[in-house]
Protein chains: 2
Amino acid sequence: MSFPANYLIEAQTDKLKRDGDLTRITALQAAAAQISEVGFHKTTISNVAARAGISQSGLLHHFPSKSALLAAVLDQREQDDSDFLFGEGVTPMGWAAFDSLVALTARNATRPEWVRLFVLVAAEGTAPSHPAHDWVTRHYRSMRSWLTDAIRDGVANGEISEAAPIDALAAGTIALLDGLQQQWVLDPQSVPLVQTVRVHVEGLKRLWTPGS
Amino acid sequence: MSFPANYLIEAQTDKLKRDGDLTRITALQAAAAQISEVGFHKTTISNVAARAGISQSGLLHHFPSKSALLAAVLDQREQDDSDFLFGEGVTPMGWAAFDSLVALTARNATRPEWVRLFVLVAAEGTAPSHPAHDWVTRHYRSMRSWLTDAIRDGVANGEISEAAPIDALAAGTIALLDGLQQQWVLDPQSVPLVQTVRVHVEGLKRLWTPGS
DNA sequence: GTCTATACCTCGATAGAC
DNA sequence: GTCTATCGAGGTATAGAC
């Protein structure tokens with residue numbers, strides 16, 4: 001039920017790059033691919049193993065269970081996103097936070113597999129019994145928390161109007177991003193992902209920049 | 001694979017209310033409840049049957065397969081939503097379309113089960129092999145189509161600025177609604193659903209109403 | 001129209017050889 | 001560290017009595 005929070009997290013940062021644990025990397029990629037196609041519930045460790053070119057029990061030698069495999073995939077991807085957003089040493093604040101979300105979206109537009117995986121796991125993880133439930137809950141809380149802080153910071157700077165509805169802007173912007181990614185994954189032709197996000201952010205700036 | 005488009009649709013409008021097909025109604029409610037809790041992949045017809053107070057094969061007598069059961073649930077709920085949005089005889093256009101989306105959201109806030117079901121099925125249905133894939137694709141296309149038409153109509157009326165980025169407003173607003181519902185389902189305390197949608201729509205009006 | 005029984009399949013995880 | 005073999009559970013759908 002509960003989800004080992006930082007399961008294998010050091011395995012990635014250290015071990016993975018150290019002695020070239022090739023099969024582990026391959027397995028993680030295979031798992032990500034499979035989950036992104038059919039979701040966690042419908043992926044089978046046999047299929048993942050086959051994609052990775054090993055047997056089912058060979059896979060279970062590296063990851064003790066199906067849930068542990070999911071945990072490893074999620075932590076790896078979140079680390080990657082986090083590096084992109086906050087890796088520059090300074091956490092973007094004020095309108096810059098919104099700009100970096102646009103940048104993240106542009107990056108996601110080149111990684112449909114990860115977007116698909118996130119859309120599926122975020123929805124599945126809605127159920128309290130899902131092995132990723134805690135991960136998903138934490139993910140959204142921390143995104144909203146970061147973005148509200150960023151807006152508050154902008155207000156303190158005078159960059160953002162004091163009348164700005166902080167929580168609504170944070171939750172709403174994240175919602176728009178995710179909802180749009182879902183539409184995009186379902187029907188890429190019909191939805192200009194980055195452009196639509198950009199229009200939203202520009203609208204917010206026009207609305208909530210003081211004296212404009 | 002493909003999804004019988006209007007499967008059993010007349011069964012609902014006519015038959016359901018006619019001779020009191022109680023078990024069918026009960027089964028549909030049980031299925032909706034189960035799917036909303038764990039998604040379609042993880043619901044089992046045995047569980048649905050148990051909730052409905054009949055045996056598994058008793059359930060399969062009314063719905064030939066698990067997919068057909070899902071189809072019936074989706075059609076029933078969509079009909080319900082559609083009646084709410086368009087049932088007044090006139091299809092809302094211009095800013096009124098956005099207002100009716102706010103009203104729909106307010107209604108959804110009282111129906112967490114349906115919201116949960118939608119969030120789950122919309123994400124699962126992202127996969128082309130999912131039995132609801134066609135339904136979900138059609139749903140989003142028709143929502144976007146209705147809303148872009150509504151905006152275009154508002155522009156023609158002079159109610160909405162000619163500079164309004166029509167497609168981005170339509171896709172973005174729908175995305176914000178759905179993304180927000182997902183956050184709300186995951187963590188109701190943290191997300192004021194209706195209020196956040198209202199703020200978004202008010203922002204759009206301020207931005208894109210001519211001469212304001 | 002509802003039941004019991006069951007055929008047939010697939011899955012996650014374990015045991016144990018190499 | 002990887003394999004084969006297998007256990008035990010749980011899934012959809014069908015057969016056939018009532």
Side-chain angles (χ1 to χ4, degrees), chain A residues 1-4 7-8 11 15-16 18-31 33-35 37-73 120-121 124 127 129-132, chain B residues 1-4 7-8 11 15-16 18-31 34-35 37-73 120 124 127 129-132:
Chain A
M1 188 116 325
S2 167
F3 190 70
Y7 188 80
L8 286 176
K15 225 165 147 195
L16 270 191
R18 195 175 59 218
D19 47 16
D21 199 341
L22 236 281
T23 50
R24 184 176 227 113
I25 300 178
T26 312
L28 280 175
Q29 286 173 342
Q34 182 77 4
I35 295 171
E37 285 169 16
V38 296
F40 174 71
H41 283 317
K42 238 205 152 188
T43 80
T44 67
I45 48 183
S46 316
N47 274 332
V48 174
R51 283 176 100 131
I54 57 177
S55 73
Q56 189 226 30
S57 41
L59 176 62
L60 284 177
H61 173 76
H62 294 275
F63 304 93
S65 72
K66 195 188 167 190
S67 296
L69 183 58
L70 173 64
V73 169
L120 278 164
V121 172
E124 284 184 340
S129 64
H130 193 280
Chain B
M1 189 116 323
S2 166
F3 189 73
Y7 188 79
L8 285 177
K15 227 165 147 195
L16 271 191
R18 195 175 59 216
D19 46 14
D21 200 342
L22 237 282
T23 50
R24 183 176 228 114
I25 300 178
T26 312
L28 280 174
Q29 286 172 341
Q34 181 77 5
I35 296 171
E37 286 168 17
V38 296
F40 174 71
H41 283 317
K42 235 204 154 190
T43 83
T44 67
I45 48 182
S46 316
N47 274 331
V48 174
R51 284 176 100 130
I54 56 176
S55 73
Q56 189 226 28
S57 41
L59 177 61
L60 284 177
H61 173 76
H62 294 277
F63 304 92
S65 72
K66 195 187 168 191
S67 295
L69 183 57
L70 173 64
V73 169
L120 279 164
E124 284 184 339
S129 65
H130 194 280

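The sequence lines fix the lettering, A, B, ..., with proteins before strands; numbering per chain opens at 1.
Cation-pi geometry between Lys66(B) and Phe40(B) is satisfied (NZ or CZ under 6.0 Å from the ring centre, within 45° of the ring normal).
Across all non-hydrogen atoms, the minimal contact from Val73(B) to Ala31(B) is CG2-CB, 3.9 Å. Pro131(B) approaches Ser67(B) most closely through the heavy-atom pair CB-OG, 3.6 Å. Smallest separation of non-hydrogen atoms from His62(B) and Arg24(B): O-NH2, 3.3 Å.
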Report the C-alpha distance between Leu70(A) and Glu124(A) in whole Å, list the side-chain angles of each, state the deciding distance to 0.1 Å, and finish with yes or no for side-chain contact (heavy atoms from CB on, under 4.5 Å).
CA-CA 12 Å; Leu70(A) 173 64; Glu124(A) 284 184 340; over 6 Å; no

Go through the steps to decide whether Asn47(B) and Ile45(B) satisfy the test side-chain contact (heavy atoms from CB on, under 4.5 Å), and finish with yes or no.
CA-CA 5 Å; Asn47(B) 274 331; Ile45(B) 48 182; over 6 Å; no

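For residues 49-63 of chain B, the salt bridge (Lys or Arg N to Asp or Glu O under 4.0 Å) pairs, not counting sequence neighbours, are Glu37(B)-Arg51(B).
Looking at which nucleotide of DNA chain C each of Gly58(B) and Lys42(A) is closest to, the 5′-most match is held by Gly58(B).
A side chain to side chain contact (heavy atoms under 4.5 Å, CB included) with Val48(A) holds for exactly one of Leu28(A), Leu59(A), Ile54(A), Ile35(A); it is Leu59(A).
You can see that DNA chain D meets the heavy atoms of chain A within a 4.0 Å-exclusive cut from dG1(D) to dT4(D), reading 5' to 3'.
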Tabulate atom names and distances for all N/O pairs under 3.5 angstrom spanning the protein and nucleotides 12-14 of chain C.
unit_1	atom_1	unit_2	atom_2	d
dG12(C)	OP1	Thr43(A)	O	3.4
dG12(C)	OP1	Lys66(A)	NZ	3.2
dG12(C)	OP2	Ile45(A)	N	3.1
dG12(C)	N7	Gln56(A)	NE2	3.2
dA13(C)	OP2	Lys66(A)	N	3.2
dA13(C)	N7	Gln56(A)	OE1	3.3
dA13(C)	N7	Gln56(A)	NE2	3.3
dA13(C)	N6	Gln56(A)	OE1	2.9

